> 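Quick one: structure below, then a few questions.
The structure presented is a predicted model; accordingly, all values stated were derived computationally and were not measured. Residue indices begin at 1 and follow the sequence shown.
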Amino acid sequence: MKRTVIKCLVTLCCMAFTMPAMAQFNLKKAIGGAAKATKAVTLTDEEMREYVKEYIDWMDEHNQVCADDNEYTIRLKRLTEGLTDVEGIPLNFKVYYVIDVNAFACADGSIRVFSSLMDIMSDEELLGVIGHEVGHIAHKDSKKGFRTALLTSALKDGISSQGGTAAKLTDSQLGDLGEALVNSTYSQKQERDADDYGYEFLQKSGKNPWAMALSFRKLKQMQDEAGAQKNNKLNQLFSTHPDLDIRIKRMEERATSEGIQSPTAAK
């Protein structure tokens with residue numbers, strides 16, 4: 001049975017379509033001191049792949065992943081049918097059954113959608129979120145962001161590889177990495193580029209690219225409902241990203257100029 005969303009303003013990184021955010025489980029907090037990048041640490045692509053896999057495996061282990069016969073999983077599989085890879089990177093999708101409203105993508109093509117996000121978005125809006133996240137994977141934004149977070153958190157003390165194999169991270173280091181990813185953001189240019197890529201990716205995959213504008217409209221509605229308080233967490237989040245009205249206008253004008261009809265037009 002679907003649950004009522006009770007934390008609609010919590011960890012809304014996906015709502016601005018940004019970096020991974022933590023769900024409903026305990027994290028070991030970083031132990032004092034500001035994280036600092038260390039020049040002594042270098043990462044090969046192979047080591048990066050190992051760390052990304054370790055992180056997503058850890059995330060899957062520490063969250064309730066919906067089973068294949070769960071209604072959320074069935075819906076997501078239906079929506080993402082045909083979305084198999086991007087730029088040679090295989091895509092894989094799972095649903096976390098949590099009360100946070102969120103989603104995230106990792107550099108290895110793993111995309112995780114939170115059940116409460118699915119509760120508040122239509123199929124078209126959810127496709128807009130997914131298309132945007134795919135754009136971040138394609139542009140290597142997820143990889144660059146992960147590398148930065150890794151060096152400034154889990155590997156800040158200069159852990160080196162062992163025999164060409166990435167050093168295994170402890171639970172504490174994985175927690176630090178998760179915190180760093182939560183607090184990281186994409187640039188406005190990266191967000192705009194991901195919008196455009198998401199639009200084109202959906203179009204090439206036979207999906208209606210109007211989904212991008214529809215998802216932004218839902219975010220705008222949530223932002224308006226949250227109020228205009230300066231200390232509002234939702235407004236603080238969106239202050240670091242391109243204005244939603246501008247993003248909506250860009251996507252709608254592009255779809256209209258291409259003669260594409262909104263899926264809501266006939267409703």
Side-chain angles (χ1 to χ4, degrees), residues 6-43 47-65 94 96-108 110-117 129 133 136-137 140-160 166-187 190-191 194 231-241:
I6 62 176
K7 291 178 67 179
C8 65
L9 299 183
V10 177
T11 54
L12 281 170
C13 291
C14 75
M15 309 306 286
F17 309 135
T18 59
M19 291 300 297
M22 308 312 295
Q24 291 290 299
F25 59 88
N26 293 325
L27 288 175
K28 294 184 178 180
K29 300 296 183 179
I31 303 175
K36 60 182 183 300
T38 172
K39 296 180 180 179
V41 177
T42 58
L43 293 172
E47 288 170 337
M48 271 289 294
R49 283 191 289 270
E50 290 182 41
Y51 281 127
V52 171
K53 183 180 186 304
E54 185 176 359
Y55 177 72
I56 195 64
D57 287 347
W58 186 75
M59 287 287 286
D60 288 351
E61 179 183 352
H62 287 79
N63 289 276
Q64 182 178 346
V65 177
K94 290 183 181 180
Y96 288 168
Y97 190 72
V98 293
I99 61 176
D100 301 73
V101 179
N102 215 329
F104 68 85
C106 280
D108 68 338
S110 297
I111 294 178
R112 300 295 181 260
V113 182
F114 293 12
S115 58
S116 290
L117 173 67
V129 174
E133 293 293 350
H136 280 311
I137 295 174
K140 305 298 189 292
D141 297 335
S142 297
K143 180 178 179 179
K144 294 172 184 174
F146 189 93
R147 180 186 293 272
T148 299
L150 190 63
L151 291 175
T152 59
S153 58
L155 300 186
K156 63 182 178 181
D157 296 324
I159 296 175
S160 61
K168 186 174 178 59
L169 300 179
T170 64
D171 280 347
S172 178
Q173 289 170 326
L174 285 164
D176 290 351
L177 175 59
E179 292 287 335
L181 289 170
V182 168
N183 294 323
S184 64
T185 58
Y186 290 137
S187 70
Q190 286 175 319
E191 295 288 16
N231 62 345
N232 183 280
K233 290 183 179 180
L234 186 59
N235 286 327
Q236 289 175 341
L237 173 66
F238 283 117
S239 68
T240 62
H241 298 282

> Determine the minimum heavy-atom distance between K168 and Q173, stating which atoms define it.
O-OE1, 4.1 Å
> With heavy-atom distances below 4.5 Å as the criterion, would you say the side chains of L169 and L150 are in contact?
yes
> NZ of K144 to CE of M48: how many Å apart, nearest 0.5 Å?
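Taking NZ in K144 and CE in M48, the distance rounds to 11.5 Å.
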> A side-chain contact here means heavy atoms from C-beta on lying under 4.5 Å apart; do I111 and I137 qualify?
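A side-chain contact under 4.5 Å exists here.
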> Looking at L117 and N102, what are the two nearest heavy atoms and their distance?
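Between these two residues, the closest heavy atoms are CD2-O, 3.4 Å.
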> If you look at every heavy atom in D171 and W58, which pair is closest and at what distance?
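Between these two residues, the closest heavy atoms are OD1-NE1, 3.3 Å.
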> For the atom pair NZ (K143) and CZ (R49), what is the distance rounded to the nearest 0.5 Å?
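It comes to 7.0 Å.
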> List in chain and number order the residues that pass salt bridge (charged side-chain N to carboxylate O under 4.0 Å, His left out) with K53, two or more places apart in sequence or in another chain; answer none if no residue qualifies.
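K53: salt bridge (charged side-chain N to carboxylate O under 4.0 Å, His left out) contacts with D57.
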> When rounded to the nearest 0.5 angstrom, what distance separates CD in E133 from CG in D141?
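Going from CD on E133 over to CG on D141, the span is 10.0 Å.
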> If you round to the nearest 0.5 Å, how far is CE of M59 from OG of S110?
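Separation between the atoms: 10.5 Å.
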> Apply side chain to side chain contact (heavy atoms under 4.5 Å, CB included) to D60 and list each qualifying residue two or more places apart in sequence or on a separate chain.
I56, V65, K94, Y96, R112
> Quick one: closest heavy-atom pair of S142 and A105, and the distance?
OG-O, 3.8 Å
> Please round to the nearest 0.5 Å and tell me the distance separating atom OH of Y51 and atom CG of L151.
9.5 Å
> Locate the shortest heavy-atom distance separating V98 from S116; write the atom from each residue and the value.
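Closest approach of V98 to S116, heavy atoms only: O-OG, 3.0 Å.
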> Minimum heavy-atom separation for A180 and A149, please, with both atom names.
CB-CB, 3.9 Å
> Would you give the length of the straight line joining atom CD of E179 to atom OG1 of T152, rounded to the nearest 0.5 angstrom?
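If we round to the nearest 0.5 Å, E179:CD and T152:OG1 are 12.0 Å apart.
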